[in-house]
Amino acid sequence: ERDAAGNMKNKLLVSGIAAGETQDALAFLGASPLPSGLTETVSSWEANGDMDVAIDVELLLGSGEAVDVRTDLRVENNILDFTEYGLQVDALGGRVVFDTRSGLSSEGLEGSLFDKPVALTLGSRIDSEGVLDRVSVSAQGTATPQDIIQMALTGVTVDAMLGQAEGLFDFDAALTIAQNTDAEYPTQLTVISQLEGMTLDAPAPFAKTAEERRDFKLVMAFKPSAQWFTGNLGPEVEFDLRFADDTLDQGLVFLGESP
């Protein structure tokens, strides 16, 4: 095969299969030629359970080009702990692919979050120069207000509002981790819901019945020693709050519909 300069080179192909503990596979990935940001992200995950894995390695001999590695993991009844964010998924099953060329992807990942069914999607984004610039974990499931509070991510302001709520509601959530160190807030968690099934016992415009649908969006951005929360509760409530070391540094809350 020809290298980037057009010279003919021999290609080494190695394929294999293995079975074992998922944590060992994550340790292998952390030391693999995958993009450094992805290996650092994976290294912060903790897994408990078994897996089957297929591994393919390609190396163009004498070319000086990077090794291409693809690992295809299949897990069943695993526990996956995103330790940095206090999130633990139980009874996890499905397929996860790590590839030096295309990044991170998944198929049919399902498990239990907050003791309730959840569907997960792992992914990544490659920029125009072929460099991995974002890793993402998306989830669709159900939760109670107390579940969200126990995540210890939302801050005292949002927790105070959720502390007056009860019920069970559906949500879509997305955790994105920028691989570009220039990002001001490299980690962002977005939660979207219509809050149907949740009651909010509070003065207007916060009050809400279980039957009522209210568009809710919360975006939580994180960097060392600082957090930035933005979002809305229907058209009547919008907020933009910045915290330094868990202390409100500056913020705006708008009440009433925009003209």
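Along the sequence shown, the residues carry numbers beginning at 1.
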_If you apply the rule side chain to side chain contact (heavy atoms under 4.5 Å, CB included), what do you find for F169 with I148, and how did you get there?_
CA-CA 11 Å; F169 58 90; I148 305 300; 4.1 Å; yes

*asked:* Nearest 0.5 Å, please: how far is CZ in R125 from CZ in R134?
replied: 4.0 Å

*asked:* Classify the ring geometry of F222 against F229: parallel below 30°, tilted from 30° to 60°, perpendicular beyond 60°.
replied: perpendicular

_More than 12 heavy atoms from other groups under 6.0 Å of CD on Q146_ = yes

*Roughly how far apart are D50 CG and N78 CG, rounded to 0.5 Å?*
7.0 Å

*asked:* Before you tell me yes or no, could you show the steps for K217 and D215 under side chain to side chain contact (heavy atoms under 4.5 Å, CB included), namely the whole-Å CA-CA distance, both residues' side-chain angles and the distance that decides it to 0.1 Å?
replied: CA-CA 7 Å; K217 182 177 182 180; D215 289 332; over 6 Å; no

*Measure the spacing between NZ of K223 and CD of E184 and express it to the nearest 0.5 Å.*
4.5 Å

*Validation row: V237, L255 side chains within 4.5 angstrom (heavy atoms)*: yes

*For the pair F82 and W45, name the ring-plane relationship: parallel under 30°, tilted 30 to 60°, perpendicular over 60°.*
perpendicular

*Just how far is it from atom NZ of K208 to atom CD of Q164, taken to the nearest 0.5 Å?*
14.0 Å

*asked:* Can you confirm whether more than 12 heavy atoms, excluding those of I17, are under 6.0 Å from its CD1 atom?
replied: no

*Below 4.5 Å, heavy atoms only, C-beta onward: do F171 and D147 meet side chain to side chain?*
no

*asked:* Pair L241, V253 - check side chain to side chain contact (heavy atoms under 4.5 Å, CB included), show working.
replied: CA-CA 8 Å; L241 309 170; V253 178; 4.2 Å; yes

*T71 vs F28 side-chain heavy atoms within contact, under 4.5 Å*: yes

_R213, CZ: over 12 other non-hydrogen atoms inside 6.0 angstrom_ = no

*Would you indicate whether the side-chain heavy atoms of L104 and V96 approach each other to under 4.5 Å?*
yes

_Quick one about Q88 and D90 (side-chain donor to acceptor, distance below 3.5 Å, no hydrogens or angles considered), yes or no?_
yes

*asked:* Working to the nearest 0.5 angstrom, can you tell me the gap between S124 OG and Q179 CD?
replied: 8.5 Å

*Do L248 and F243 come close enough that some side-chain heavy atom pair is under 4.5 Å?*
yes

*asked:* Salt bridge check, R70 against D56: does any charged N sit closer than 4.0 Å to a carboxylate O?
replied: no

*Grab the two heavy atoms, one from A244 and one from D249, that are nearest each other, plus how far apart they are.*
N-CB, 4.2 Å

*Might you point out which heavy atoms bring A174 and S138 nearest each other, and give the distance in Å?*
CB-OG, 4.0 Å

*Heavy-atom pair of closest approach, residues L122 and S106*: N-OG, 2.9 Å

*Flag the pair E107 / V97 as yes when at least one side-chain heavy-atom distance between them is below 4.5 Å, and no otherwise.*
no

*Using a 4.5 Å cut-off on heavy atoms from C-beta on, say whether the side chain of E166 contacts that of D201.*
no

_Membership question, hydrophobic clusters at under 4.5 Å side-chain separation (ILVMFWY): are L120 and V75 in the same one?_
yes

_With a 4.5 Å cut-off on side-chain heavy atoms, are L200 and L233 touching?_
yes

*Which pair of non-hydrogen atoms, one from R214 and one from P205, has the smallest distance, and what is that distance?*
NH1-O, 3.1 Å

*Side chains of D240 and T230, donor plus acceptor under 3.5 Å*: no

*Are any side-chain N or O atoms of S193 and backbone N or O atoms of F216, one a donor and one an acceptor, separated by less than 3.5 Å?*
no

_For A47 versus L26, what's the shortest heavy-atom pair and its separation?_
CB-CD1, 3.8 Å

*Do you know which two heavy atoms are closest between N232 and F239, and how far apart they sit?*
N-CE2, 3.7 Å

*If you measure from CG on L80 to CG on L87, what distance do you get to the nearest 0.5 Å?*
10.0 Å

